[in-house]
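Presented below is the structure to which this report refers.
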Amino acid sequence: LPTVYKYNENKILEPDLVPVSSTVIPLPVYQVSYGLHVVPSLKDEKVEKPEGPITLLTAHSKKKVLKEAKPTSNDVSSVKQESQPIKVIDPSELLRPEPSFAKKPVAQFRDYTIDENDPIKERVRRTYKEMHTHQTVQFVQDKIKTWTKFNHFKSTIKDALIRLNDLVDESDPDVDLPNIVHAFQTAERIRVDYPDLDWFHLTGLIHDVGKVMAFYGEPQWAVVGDTFVVGCDWGEDVVYRDTSFVDNVDGKNPKYNTKFGMYKPNCGLENLTLSWGHDEYLYRFLVHNKTTLPKQALWMIRFHSFYPWHSGNNYSHLTTKNDEEEIRKWVLKFNGYDLYTKSTDIPDIEALWPYYEKLIEKYIPGVLEW
Ligand SMILES: O[C@H]1[C@H](O)[C@@H](O)[C@H](O)[C@@H](O)[C@H]1O
Ligand SMILES: [Fe+2]
């Protein structure tokens, strides 16, 4: 008999504790119906509570995508019969502790499954395919050289942030909104939980502002997305890893295509060359412009996209004990706010500026070199 699940008030599936026996109650057996067609689209998140009958859920295989025509309905109440489902999620994933502020079950964030009929998923996959093809040791070294001249433009942090109004991150399966919205969502949620750590609020606000590189000729695959180490074997948990690196020339270079590649064992995070993007750029920018943000803020900024390390636990043969414990602790603390605040709730940005302008004034004031 399948376990029966139902939605709670937060639209999270929970086991339904009412005993059901197929011999006593002749319920039809329903297939898992959890995925694209039952999850309200990002734009429909105001729906607080599913209406109508309980959806029954049966797991039969983990995170498997069954290709099928795209559903047209967002009706969360629909109970689909056998052969209908699009995507199946292991129900145990839905039962793990949720960050209380996430607007959807945590298992639904960072879904990199492939679905050629889903334009957002295809956009994400294309971005990573380009990234994993072209981000080589040579490429990263060239970008470091170009961008650490800090001669691209001059502006305040605020003006750079405002430019993110025009940037939708093509690597992100969870956000289809301008990046400035994500900046305020992250910062504001941190402010709720850490009212006294003003530097942490500011870190939330600025962590992605390095994406302004996209306005200076950089393709998105050199700006956004998760990072990975170049110059050695690609980490196991890099997204799309098994298919996306086939055309990367470093894979054929014996200097780089081994476990340690160009590194010494446990040389430390700071000595690794990560794929080029907004994290490393912003970190170096802040140092160049003499920020007074604490080192914890700089760690969060520099490594927040390094998912294969901070969440995948890859690369421990290259890191130190301090990286694994101290630095990871802060990066993960930040990560919860970066990831799980992604929703369609739009903060009142105009009203919030005066507060954040004061923080900018305190930690990284003036017209800066980018
Ligand atoms: O797609 C996102 C996005 O580009 C974020 O800014 C980055 O920090 C994440 O690592 C990535 O998954
Ligand atoms: Fe980011």
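It should be emphasised that the depicted structure is a prediction, and the values quoted were computed from it without experimental measurement.
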Exercise. Taking C-beta and beyond as the side chain, do Ser305 and His278 meet within less than 4.5 Å on heavy atoms?
Worked result: yes
Exercise. Is Ile144 linked to Phe303 within one hydrophobic cluster, defined over Ile, Leu, Val, Met, Phe, Trp and Tyr using a side-chain heavy-atom separation of less than 4.5 Å?
Worked result: yes
Problem set entry | Note: Arg126-Glu130 ion pair, threshold 4.0 Å (strictly below) | no
For this session: May I have all residue pairs that pass salt bridge (charged side-chain N to carboxylate O under 4.0 Å, His left out) and include part of residues 252-267, sequence neighbours excluded?
Result: none
Problem set entry | Any donor-acceptor pair under 3.5 Å from His310 side chain to His304 backbone | yes
Exercise. Are Leu282 and Val287 connected, step by step, through hydrophobic side chains (Ile, Leu, Val, Met, Phe, Trp, Tyr) whose heavy atoms are closer than 4.5 Å?
Worked result: yes
Seminar exercise, completed: Scanning both residues in full, the closest heavy-atom pair of Val230 with Gln135 reads CG1-O, 3.9 Å
For this session: Taking the six-membered ring of Tyr356 (Phe, Tyr or Trp), confirm whether the NZ or CZ of Lys158 is under 6.0 Å from its centre and within 45° of its axis.
Result: no
For this session: Answer yes or no: does atom CD of Glu122 have more than 12 heavy-atom neighbours from other residues, nucleotides or ligands under 6.0 Å?
Result: yes
For this session: I would like to know whether Glu324 and Thr319 meet side chain to side chain donor-acceptor pair (under 3.5 Å); could you show each step before the answer?
Result: CA-CA 7 Å; Glu324 293 299 319; Thr319 53; 2.4 Å; yes
For this session: Give me the one residue out of Arg189, Gln185, His207 that meets side chain to side chain donor-acceptor pair (under 3.5 Å) with Asp338.
Result: His207
For this session: Using a 4.5 Å cut-off on heavy atoms from C-beta on, say whether the side chain of Glu116 contacts that of Arg125.
Result: yes
Exercise. Under 4.5 Å between side-chain heavy atoms, hopping through other hydrophobics if needed: is there a path connecting Phe153 to Ile206?
Worked result: yes
For this session: Looking only at non-hydrogen atoms, find the nearest pair between Lys333 and Phe200 and report the distance.
Result: CD-CE2, 4.1 Å
For this session: Could you give me the CA-CA distance, side-chain angles and deciding distance for Leu339 and Tyr307, then say whether side-chain contact (heavy atoms from CB on, under 4.5 Å) is met?
Result: CA-CA 11 Å; Leu339 182 55; Tyr307 275 85; 4.0 Å; yes
Exercise. Is any side-chain heavy atom of Arg284 closer than 4.5 Å to a side-chain heavy atom of Phe150?
Worked result: yes
Exercise. How long is the span from the CG atom in Asp174 to the OG1 atom in Thr341, to the nearest 0.5 Å?
Worked result: 10.0 Å
Problem set entry | Side-chain heavy-atom pair Trp309, Leu269 within 4.5 angstrom cut-off | yes
For this session: Examine Trp234 together with Tyr240 and report whether their ring centres are nearer than 6.0 Å.
Result: no
Problem set entry | Stepwise side-chain contact (heavy atoms from CB on, under 4.5 Å) test for His288 and Thr148 | CA-CA 8 Å; His288 174 77; Thr148 57; over 6 Å; no
For this session: Determine, using the 4.5 Å side-chain heavy-atom cutoff (strictly less than), whether Phe184 and Val168 are members of one ILVMFWY cluster.
Result: no
Problem set entry | From Asp115, Asp176, Asp111, residue fulfilling salt bridge (charged side-chain N to carboxylate O under 4.0 Å, His left out) relative to Lys121 | Asp111
Seminar exercise, completed: The residue among Asn335, Asn322, Asn313 that forms side chain to side chain donor-acceptor pair (under 3.5 Å) with Arg328 is Asn313
For this session: Would you please name every residue forming a ring-ring contact (aromatic ring centres under 6.0 Å, His included) with Tyr281, sequence neighbours left out?
Result: Trp147
Exercise. How far does OG1 of Thr186 sit from CZ of Phe334, to the nearest 0.5 angstrom?
Worked result: 6.0 Å
Exercise. Out of curiosity, Met213 CE to Phe285 CZ, how far, rounded to the nearest 0.5 Å?
Worked result: 12.0 Å
Exercise. What closest approach, in Å, do Asn266 and Thr320 show between heavy atoms, and which atom pair accounts for it?
Worked result: O-CG2, 3.7 Å
Problem set entry | Interatomic distance, Tyr363 atom OH to Thr291 atom OG1 [nearest 0.5 angstrom] | 9.0 Å
Problem set entry | Trace of the side-chain contact (heavy atoms from CB on, under 4.5 Å) decision for Leu167 with Phe215 | CA-CA 9 Å; Leu167 187 100; Phe215 300 109; 4.1 Å; yes
Problem set entry | Nearest-0.5 Å distance that lies between atom CG in Leu274 and atom OH in Tyr283 | 11.5 Å
Exercise. Under 4.5 Å between any side-chain heavy atoms of Asp198 and Tyr355, yes or no?
Worked result: yes
Exercise. Hey, are the side chains of Trp199 and Thr292 touching, using non-hydrogen atoms and a 4.5 Å cut-off?
Worked result: no
Exercise. Should Leu164 and Tyr216 be regarded as members of a common hydrophobic cluster, given that ILVMFWY residues are connected when their side-chain heavy atoms come within less than 4.5 Å of each other, either directly or indirectly?
Worked result: yes
Exercise. Among Val238, Thr133, Asp226, whose side-chain contact (heavy atoms from CB on, under 4.5 Å) with Tyr128 holds?
Worked result: Asp226
Problem set entry | Glu280 with Lys143: basic N within carboxylate O range, under 4.0 Å | no
For this session: Could you tell me which non-hydrogen atom of Leu352 sits nearest to which non-hydrogen atom of Pro347, and how far apart they are?
Result: CD1-CB, 4.0 Å
Exercise. Between Val224 and Glu170, is a side-chain contact (heavy atoms from CB on, under 4.5 Å) present by the stated rule, with each step listed?
Worked result: CA-CA 8 Å; Val224 302; Glu170 294 174 3; 5.5 Å; no
Problem set entry | Check: Ser155 main-chain N/O paired with Asp159 side-chain donor or acceptor under 3.5 Å | no
Exercise. Is a side-chain N or O of His201 found less than 3.5 angstrom from the main chain of Tyr194, in a donor-acceptor match?
Worked result: yes
Problem set entry | Donor-acceptor contact present, side-chain Asp237 to main-chain Pro308, <3.5 Å | no
For this session: Would you mind checking if Lys342 and Asp169 are paired as a salt bridge, meaning a charged N to carboxylate O distance below 4.0 Å?
Result: no
Exercise. With respect to Trp370, which candidate in Asn151, Asn289, Val209 satisfies the side-chain contact (heavy atoms from CB on, under 4.5 Å) definition?
Worked result: Val209
Exercise. Does CD in Glu270 sit with more than 12 non-hydrogen atoms of other residues, nucleotides or ligands closer than 6.0 Å?
Worked result: no
Problem set entry | Salt bridge flag under 4.0 Å for residues Lys329 and Glu326 | yes
Problem set entry | Contact summary for Tyr340 and Pro99, nearest pair of heavy atoms | CD1-CG, 3.2 Å
For this session: Taking the six-membered ring for Trp and the full ring for Phe, Tyr or His, determine whether the centres of Tyr315 and Phe306 are under 6.0 Å apart.
Result: yes
For this session: Report yes if the distance between the aromatic ring centroids of Trp221 and Phe139 is under 6.0 Å, otherwise no.
Result: yes
Problem set entry | Main-chain N/O of Gly312 paired to Asn314 side chain as donor or acceptor, under 3.5 Å | yes
Exercise. Which pair of non-hydrogen atoms, one from Pro173 and one from Arg110, has the smallest distance, and what is that distance?
Worked result: CG-CA, 4.2 Å
For this session: Report yes if the distance between the aromatic ring centroids of Phe228 and His132 is under 6.0 Å, otherwise no.
Result: yes
Seminar exercise, completed: One should read off an interatomic distance between Thr203 OG1 and Leu298 CG, to the nearest 0.5 angstrom, of 8.0 Å
